[in-house]
Amino acid sequence: MTNNNPIGIFDSGIGGTSIWSEIHALLPHEKTIYLADSKNAPYGQRTKDEIVALSKKNVEFLLENNCKLIVVACNTATTNAITELRRDYDVPFIGIEPAIKPAANNSQTQVIGILATQGTLNSELFNKTAEMFQRTTIIEQVGHGLVQLIEDGNLYSPEMTQLLESYLQPMIEANIDYLVLGCSHYPYLIPQIKKILPEHIKIIDSGEAVARQTQNILRDKVGFTDAQHNDPVFYVNSNPAVLSSILDNKYPVIEKEF
Ligand code: DGL
């Protein structure tokens, strides 16, 4: 079975490119369309209804572009909207959720930290997953302000360092040995986070797992492309320079209303 239609990937903004990179590295021949809804970022403080409506708008754009599979490269959109998306659209979806399981299963101290948006931490889906790990103390921290700074291109600002220190210090004091990055924007903060955390604390995110799952769904249900080469397409609805720069200016970025 082959299928030459593109894989669609969306996020509230530029952060989901961290997931796109993993997918593109594992499946370089697949055509990908990435949608950054930067105009409406951050999703993290929005209501569930707003997140569902924005996610549907993004899905419809990707379906108009004949996507064969949609990756919701946003924890906030996944945890608040994936049930509605799966109910309302006839295309396979892959979502991204904070990687609590590998952190809890491997933690020696049985104390783990999770940094995510308010929307993710308040969602029913996240809380159901967290409840499965009763033995583990999960220190939840909302990353207030982090997504906005990343969307504004202020990745390495003093304000970023200050916010990260204030969020991570209490986790260090509580003896975490794993930090789960529960937002697809946060992998871009790993260099700054590493400067703050002691070396023994491991940082995990879900990017690689999502890429592997994408490969599995293509193999089992949707079909791989038979193309030899495909240039990725990036759409954004505001601030194209920041998306370009997070991609090291390697790919053209199309600014478009959606
Ligand atoms: N990148 C997103 C996530 O994974 C959303 C961040 C936001 O828009 O608040 O949660």
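Read the numbers this way: they start at 1 and go in the same order the structure lists the ligands and their atoms. Keep in mind that what you see is a predicted model, and the values were worked out from it rather than measured.
Without hydrogens or angle criteria, Asn4 side chain to Asp226 main chain gives a donor-acceptor distance under 3.5 Å. For Thr120 (side chain) and Thr76 (main-chain N/O), a donor-acceptor pair under 3.5 Å exists by modelled atom type. Formation of a donor-acceptor pair under 3.5 Å by the Asn237 side chain with backbone atoms of Lys39 is found in this model. The backbone N or O of Asn58 lies less than 3.5 Å from no partner atom in the side chain of Asp37, so there is not a single donor-acceptor pair. With Tyr89 contributing its side chain and Glu60 its backbone, the two residues share no donor-acceptor pair below 3.5 Å.
The environment of NZ in Lys256 is sparse: at most 12 heavy-atom neighbours from other residues, nucleotides or ligands sit within 6.0 Å.
Nearest to atom 1 (N) of ligand 1 among the protein's heavy atoms is His185 ND1, 2.7 Å. Among protein heavy atoms, atom 7 (C) of ligand 1 sits closest to Tyr43 N, 3.3 Å.
Put simply, the residue from Tyr34, Tyr188, Tyr251 that forms a side chain to side chain donor-acceptor pair (under 3.5 Å) with Thr17 is Tyr188.
Of the heavy atoms in Ile96, none comes closer than 4.0 Å to ligand 1. With a 4.0 Å heavy-atom cut-off, ligand 1 is reached by the side chain of Ser12 but not by its N, CA, C or O. When non-hydrogen atoms are compared, ligand 1 lies under 4.0 Å from the backbone of Asn75 as well as from its side chain.
Distances shorter than 4.0 angstrom do not occur between any heavy atom of Gly15 and any atom of ligand 1.
The N/O atoms of Gly44, backbone and side chain alike, include one that comes under 3.5 Å of an N/O atom in ligand 1. Annotation: Thr76 places an N or O atom under 3.5 Å from an N or O atom of ligand 1; distance criterion only. Taking only nitrogen or oxygen atoms, main chain and side chain alike, Thr117 does not reach within less than 3.5 Å of ligand 1.
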